[in-house]
Amino acid sequence: MNLPDYLTKIEPELAKVIAAFAEAVKQIDQVIRTAETTSAGSFNTSGDEQLKLDILSDRIVFAELEKSGVVSVAASEEQSEEKVLTKGGPFSAAFDPLDGSSLVDVNLAVGTIFGIWPGAGFIGKSGKEMLAAGYAIYGPRTTFTVAVDTNPVEFTLQQDGTFKMTIEKLEIGEGKMFAPGNLRACHENKEYLSLLDFWAENGYQLRYSGGMVPDIHQILVKGKGVFSYPGSESCPPKLRLLYECAPLSFVIEKAGGASSDLTQSVLEKKVEELDQRSVVCVGSKDEVDRFEKFLTV
Ligand code: AFP
């Protein structure tokens, strides 16, 4: 089955937004293979240095969402404000056009992340109100993973530009694999250090690339494991609720896994600011429980 066939089973207007993201992924796949990995000489609202690739990918996604004709408001990690695209459009879309872009020059896998909400705007909404979410990975292959009502599905970009279904049902069980982000926080966050000791002492397999999307995709494909990114006073959590944590938590929970911001599912957390950061832990239910038990003192 290919992506257009899969999209015939989805509400047609919503399918247009997912198709727009898939089209953007095809174009980003082209530019990322050959484009310069140099700085654009500018910084995004989070103070991250923007690469020319970040800005190029951002423009590509906005253009495809506008063409879809059904997105009223779109917000990107690379922009300080949301943009009105099609007045009265039934959806809003938030995205990180190129997550992990600082890994492109070292040739590690990076991704695009997206979440689709009903209505206009994001403030005051929570992740559980999303209608669909997903991500692409630009690695040895380019894949596109999307979740709507049921388990996430993976498609792989073919040479002819089509997306062929390669995993029909992504599902998460239990197992010993960990991707521990922000270890710098351990010198202050002793609870995180104790959890790290637990993982090490109990034979957990370390799988951390520094790219949230490939790290989380590994958990989904292997059907087990945990990704964490808590913080401490001098190393606060840096991952964005709207563009990273909520969409990826939606995909993980649709696959039967869990998510946590330390006190609740990430999908319960209301968006107060576009650039809001959150503690995040996602993966196998027992591992997310363990994260909460170790880190809530
Ligand atoms: P960049 O987009 O700046 O490369 O950051 C990648 C990321 O947002 C996420 O993909 C990683 O899990 C996390 O940051 C890595 O953070 P550290 O640089 O703190 O390890």
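First listed ligand is number 1; within each ligand, the first listed atom is number 1. Positions are given from 1, in the same order as the sequence printed here.
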| field | ligand 1 to Gly100 polar contact by distance, N or O atoms, under 3.5 Å | value | yes
| said: If I apply the N/O under 3.5 Å rule, does Met212 come out as touching ligand 1? | reply: yes
| query | Any chance the side chains of Ser126 and Glu129 put a donor and an acceptor closer than 3.5 Å? | reply | yes
| Partner of Tyr138 by side-chain hydrogen bond (donor to acceptor under 3.5 Å, both in side chains), out of Thr143, Thr112, Asp29 | Thr112
| message | If you measure every N or O of Glu244 against every N or O of ligand 1, does any of those distances drop under 3.5 Å? | response | yes
| request: Using a strict 4.0 Å cut-off to heavy atoms of Arg184, name the atoms of ligand 1 that fall inside it. | output: 17 (P), 19 (O)
| Distance only, no hydrogens: is a donor on one side chain within 3.5 Å (strictly under) of an acceptor on the other, for Thr142 and Arg33? | yes
| message | With heavy-atom distances below 4.0 Å as the criterion, list the atoms of ligand 1 near Gly211. | response | 10 (O)
| Is the closest N or O pair between Arg240 and ligand 1 shorter than 3.5 Å? | no
| remark: For Ser101, the ligand 1 atoms with a heavy-atom partner under 4.0 Å come out as 2 (O), 4 (O)
| field | For Phe95, the option from Phe114, Tyr243, Phe62 that meets ring-ring contact (aromatic ring centres under 6.0 Å, His included) | value | Phe62
| query | Is the closest heavy-atom distance from Asn182 to ligand 1 below 4.0 Å? | reply | no
| task | Could you list the residues that satisfy side chain to side chain donor-acceptor pair (under 3.5 Å) with Tyr229, not counting sequence neighbours? | result | none
| field | Region of Leu239 engaging ligand 1 - heavy atom pairs below 4.0 Å | value | side chain
| request: Please check if any side-chain donor atom of Ser278 sits under 3.5 Å from a side-chain acceptor atom of Asp261, or the reverse. | output: no
| message | Is the contact between Tyr243 and ligand 1 made by the side chain, the backbone, both, or neither, using heavy atoms and a 4.0 Å cut-off? | response | neither
| note | For Asp99, the ligand 1 atoms with a heavy-atom partner under 4.0 Å come out as 7 (C), 8 (O), 9 (C), 10 (O)
| note | side chain to side chain donor-acceptor pair (under 3.5 Å) filter on Lys128, not counting sequence neighbours, yields Glu268
| Are Trp117 and Phe91 close enough that their ring centers fall under 6.0 Å? | no
